[in-house]
Amino acid sequence: MRLGRAPWLAMILAVFGAFSARAAVPPTVVATIAQIGQPLGVIAGDCARVESLLGEGVDPHLYQPTRADMKRLLAADLVLANGHNLEAGLHRALAALAERGKVLYIAETIGQERLLPWSDHHSDPHVWMDPTLWRDALTVGVARVAALVPACAQAMTARAMAFFAEMDALDAYAKAAIASIPADTRMLVTAHDAFAYFGRRYGIELQGVQGISTESEAGLARIEEMVRLLVDRKVPAVFVETSVSDRLVRALIEGAGAAGHTVRIGGTLYSDAMGAPGSYRGTIIGMLDHNTTSIARALGGQATGFSPQLAKD
Ligand SMILES: [Zn+2]
């Protein structure tokens, strides 16, 4: 009997072995923006291969997928997107994959009552600008990835808790840094409307020049109005962004200068794209630290930087 069972046992072990070998290949998760892919990559560790489709300085509102992107999306076990029409050019590709249940729009898991208005059909998509909202959106993403590799669920939960504790600490830092700006100059002037969640969370007034056409009278009137605001409130700085043209922001600086008030560029902010992969500013914590610290310092507040890494790279 014993001898007779051995081949069966060998077969079962062989089948099991093949099964475990397959199960040991980590699933591939493709994130659209790095604001999703970077934190998910840290939290997944070696439990999943997490890639980001859009790189440094890329505008997700305008991005059109290449043939290589389509291949990566099709081959992915799971696609994590932002949603709320941020990835407008990827919409068709994502919709097709969503029908197969392979797409999770993480920003759309946040309750409507916590979101800000944007257009007639969509909420403001720039949810990552408020780390408390982004933590909740990422949590849903983490759960979906963990479901692909149940053996990793515990390890991923532990890494997620550590990551989110750091995001909470960053949130407390940002609150204090922005609050240190004198009330009069606590005004953030940027090239496009990406900072509404940031403004709401930390209590800084926003003025964006996006969509203003200097060809129209209404556009010119709006530029003049913003120049007056800068001059009257003695706001010392305005900001440019890595993924957006700075043409209109420079028009404001010229206008204020003509009225006798010097305004400088307070820094280049990361709005829709993060810094270079592998650098501190290429992480969600580093991006928000850079933005907060640049804004607070340029507008007369006090900010030491959330992490010493900010001064290094
Ligand atoms: Zn945007």
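Both counts, for ligands and for their atoms, begin at 1 and track the order of listing. We count residues from 1, following the sequence as given.
Looking at Asp272 and the Zn ion (ligand 1) together, the shortest N, O or S contact belongs to OD2.
Computed with the Zn ion (ligand 1) at the centre, the His61 NE2 to His126 NE2 angle is 110°, stated to 10 degrees.
Taking 4.5 Å as the limit, some side-chain heavy atom of Phe195 sits within range of a side-chain heavy atom of Glu241.
For Pro27, the side chain to side chain contact (heavy atoms under 4.5 Å, CB included) partners are Ala48, Asp77, Leu148, Val149, not counting sequence neighbours.
Among the backbone and side-chain atoms of Asp59, no N/O/S atom is found under 2.8 Å from the Zn ion (ligand 1).
In terms of modelled atom types and a separation under 3.5 Å, the side chain of Tyr197 and the main chain of Leu116 share a donor-acceptor contact.
Counting only residues at least two apart or in different chains, ring pair (Phe, Tyr, Trp, His ring centres under 6.0 Å) contacts with residues 25-69 comprise His61-His126, His61-His192.
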